[in-house]
Student: 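Provided herewith is a single structure, encoded as structure tokens, for subsequent inquiry.
Treat the numbers as computed from the prediction; the structure is a model and nothing was measured. Nothing fancy with the numbering, it's 1 onward along the sequence.
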Amino acid sequence: MATRSFVVYLLVSFSVAVLLAHIYFNVPRRGTSPVSLSLRVGPEVGGTTKLWPALKFSWRIVLATVIGFLGSGFGTVGGVGGGGIFVPMLTLLLGFDTKSAAALSKCMIMGASASSFWYNLRVPHPTREVPIIDYDLALLFQPMLMLGITIGVALSVVFPYWLITVLIIILFAGTSSRSFMKGIEMWKEESILKKEMARHTHVNSRGELLIDTVYDPLVSREEKSPLQLMRSNLDLKKLAVLGIVWTSFLLLQVLKNDVSVCGKLYWILFISQFPVAAGVFGYEAAKLYREHKRRMLSGNMENICEASIQWNAVHLGFCALCGVVGGTVGGLLGSGGGFILGPLLLEIGVMPQVASATATFVMMFSSSLSVVEFYLLKRFPIPYALYLTSVSILAGFWGQFFIRKLITFLRRASIIVFILSAVIFASALTMGVIGIENSIQMIKDGEFMGFLSFCESQ
């Protein structure tokens, strides 16, 4: 019930904001002219000039390294990436233009997600003999997320800058507060479990605490070597399917960038992404639906995957909607879809450790797709990309290592949920405050505050 109420809040808030913007700002005022309204921060609000500062040692690069390291570490642990922190850092602190900052932000998210994926391959599931990454949920959400990102990027050209700022505040405030409340609920549950576990504490040889004792096996699990864990955490068949989806979207994006905008071939390539995403989602959704129905008929109440929801048509449609909305928001704001996917996985009953691992795994695909596309378009400087990606790779690995040790010491997996909430809240502050400031400046400068034509703005 709480999940549906939250989704209704997002849909109603977004719809009202867009409707009001269309009513009051759809007609240009005299003496104003449309400007590029992609998400921008910094003094050059309306500018499109490429700004690439030189990579040299200074206090700015040191501070950016620290912020990038902490943002990547905590962002991957929370499963949200950290794009809402990286873009303001790159523009305000290092002096990049917004388009280049968004591209470099994707490089950092990709590096942190890839290192977290590598680390998680050697981590056992907290309570069951299954991979810590839920590949079924990844297959369910990844195609819709990537489709949503494509839609969001297109909308970012049309939507006015002030409206994007409003949507940032609505989304981040809602997801942050909802995640925080979820963390409090889990904290209370863990407090009760800790009292019950006082006499029977289960810690394996790797020093990892098995928190949810309700699901602990009756017979102690056989300890696996790192190589065995890696093999058990890899599902090559589903990885291959995800790779095919990734390649398909990449080819369509590359071909779309090489044709004239709004031409017949452009729209054919744009629409071609829908059947690709729908086909993969439909295949996975049908499999979950059939398995759920079979288990219900046989009286087997065990969950099919990590989510604790019933895989009926309504819930599958809800997941499709959330995937598209999450991707659209990520493409619209330039922050990736983790700000929706991470909280969503928690809402449908996925354990924090599995939600974090699965969300970062999905983000690795979506962010790497953007990085390849940005590289082909020459949107970022290679030296900075290599440096910041290296920082994020280290941060992703050590972030996972440190937080898992902290969870073991405190015996609370809810720490992941609080980290997720904190990262989203920090992103809301940075992007919201800067967005409001720039919107006020645009109003003072008399810039057009309404919707732009998609074809004319390219």
Side-chain angles (χ1 to χ4, degrees), residues 2-4 6-7 10 74-82 109 113 116-117 120 123 125-128 130-146 148 171-172 174-183 185-186 189 211-212 215 233 238 242 281 284-285 288 303-311 315-327 329-330 335-367 400 403 407 413-424:
T3 303
R4 293 181 181 178
F6 176 65
V7 173
L10 289 181
F74 288 114
T76 52
V77 168
V80 294
I109 294 174
S113 299
S116 295
F117 170 64
N120 286 326
V123 174
H125 191 284
T127 60
R128 301 166 60 191
V130 295
I132 194 170
I133 298 171
D134 194 317
Y135 290 95
D136 287 322
L137 290 179
L139 272 172
L140 192 68
F141 285 109
Q142 189 224 19
M144 308 310 288
L145 194 70
M146 297 177 74
L171 173 68
F172 288 2
T175 54
S176 177
S177 58
R178 179 58 191 159
S179 298
F180 183 75
M181 296 305 297
K182 186 74 173 180
E185 293 175 7
M186 294 186 62
E189 293 174 359
I211 293 178
D212 293 342
Y215 299 96
N233 277 325
K238 293 175 181 176
L242 290 167
F281 175 85
E284 185 63 25
L288 291 174
N303 294 333
I304 300 174
C305 56
E306 291 296 327
S308 59
I309 63 174
Q310 295 183 358
W311 292 110
H315 287 157
L316 287 169
F318 171 76
C319 290
L321 175 64
C322 290
V324 174
V325 171
V329 171
S335 58
F339 289 99
I340 288 289
L341 183 59
L344 174 62
L345 292 177
L346 294 173
E347 287 292 332
I348 62 177
V350 181
M351 293 180 61
Q353 298 96 317
V354 180
S356 172
T358 304
T360 52
F361 174 69
V362 174
M363 279 194 301
M364 180 180 68
F365 282 93
S366 59
S367 60
Q400 293 285 347
I403 294 300
I407 290 174
S414 57
I415 293 173
I416 295 176
V417 186
F418 287 120
I419 290 175
L420 181 149
S421 177
V423 173
I424 298 177

Student: Can you tell if the side chain of P352 reaches within under 4.5 Å of the side chain of M186, non-hydrogen atoms only?
Tutor: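 Touching, per the 4.5 Å side-chain cut-off.
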Student: Return the minimal non-hydrogen interatomic distance between A355 and L345, and the atom names on each side.
Tutor: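 Looking at all heavy atoms of both residues, the shortest contact is O-CD1, 3.6 Å.
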Student: Would you compute the distance between atom OG of S414 and atom CD of E189 and round it to the nearest 0.5 angstrom?
Tutor: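 Result: 9.5 Å between the selected atoms.
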Student: To check you understand the geometry: which heavy-atom pair defines the closest contact between P343 and I424, and what is its length?
Tutor: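 Result for this residue pair: CG-CD1, 4.0 Å.
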Student: Run the numbers on Q353 and N120 for side-chain contact (heavy atoms from CB on, under 4.5 Å), then give the verdict.
Tutor: CA-CA 10 Å; Q353 298 96 317; N120 286 326; over 6 Å; no
Student: Hey, does V354 have a side-chain heavy atom less than 4.5 Å from the side chain of L137?
Tutor: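 Not in contact.
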Student: I407 versus I416: any side-chain heavy-atom pair under 4.5 Å?
Tutor: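 In short, these two side chains touch, coming nearer than 4.5 Å.
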Student: Looking at every heavy atom in both S116 and T76, which two are closest together, and how far apart are they?
Tutor: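 For S116 and T76, the tightest heavy-atom pair comes out as OG-CB, 3.4 Å.
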Student: Rounded at 0.5 Å granularity, tell me how far NZ in K238 sits from CD in E284.
Tutor: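 Separation between the atoms: 6.0 Å.
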Student: Is a side-chain donor or acceptor of S179 paired with a backbone partner of S176 at a separation under 3.5 angstrom?
Tutor: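 Not confirmed, S179 side chain does not pair with S176 backbone.
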Student: Is the closest side-chain heavy-atom distance between C322 and F318 below 4.5 Å?
Tutor: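 Of all side-chain heavy-atom pairs linking F318 with C322, at least one is under 4.5 Å.
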Student: Would you call the rings of F361 and F117 parallel, tilted or perpendicular, where under 30° means parallel and over 60° means perpendicular?
Tutor: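 Judged by the thresholds at 30° and 60°, the geometry between F361 and F117 is tilted.
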Student: Counting C-beta onward and ignoring hydrogens, is there a side-chain heavy-atom pair between L140 and W311 closer than 4.5 Å?
Tutor: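 L140 reaches W311 side chain to side chain.
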Student: What is the distance from atom CG of L346 to atom CG of L341, rounded to the nearest 0.5 Å?
Tutor: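 L346 CG to L341 CG: 9.5 Å, rounded to 0.5 Å.
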Student: Search all heavy atoms of F281 against all heavy atoms of P143 and return the closest pair with its distance.
Tutor: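 That would be N-CG, 4.1 Å.
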Student: How far does OG1 of T358 sit from CZ of F141, to the nearest 0.5 angstrom?
Tutor: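 Going from OG1 on T358 over to CZ on F141, the span is 10.0 Å.
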Student: With a 4.5 Å cut-off on side-chain heavy atoms, are Q400 and S356 touching?
Tutor: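 In short, these two side chains touch, coming nearer than 4.5 Å.
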Student: Work out which heavy atom in A320 is nearest to a heavy atom in M144; give both atom names and the distance.
Tutor: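 Here A320 and M144 meet closest at O-CB, 4.1 Å.
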Student: To the nearest 0.5 Å, what is the distance between CG on L242 and CE on M146?
Tutor: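 Spacing of CG (L242) from CE (M146) equals 9.5 Å.
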Student: Run through I133, D134, L139, L145 and flag the one making a side-chain contact (heavy atoms from CB on, under 4.5 Å) with V362.
Tutor: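 In the set I133, D134, L139, L145, the residue that makes a side-chain contact (heavy atoms from CB on, under 4.5 Å) with V362 is L145.
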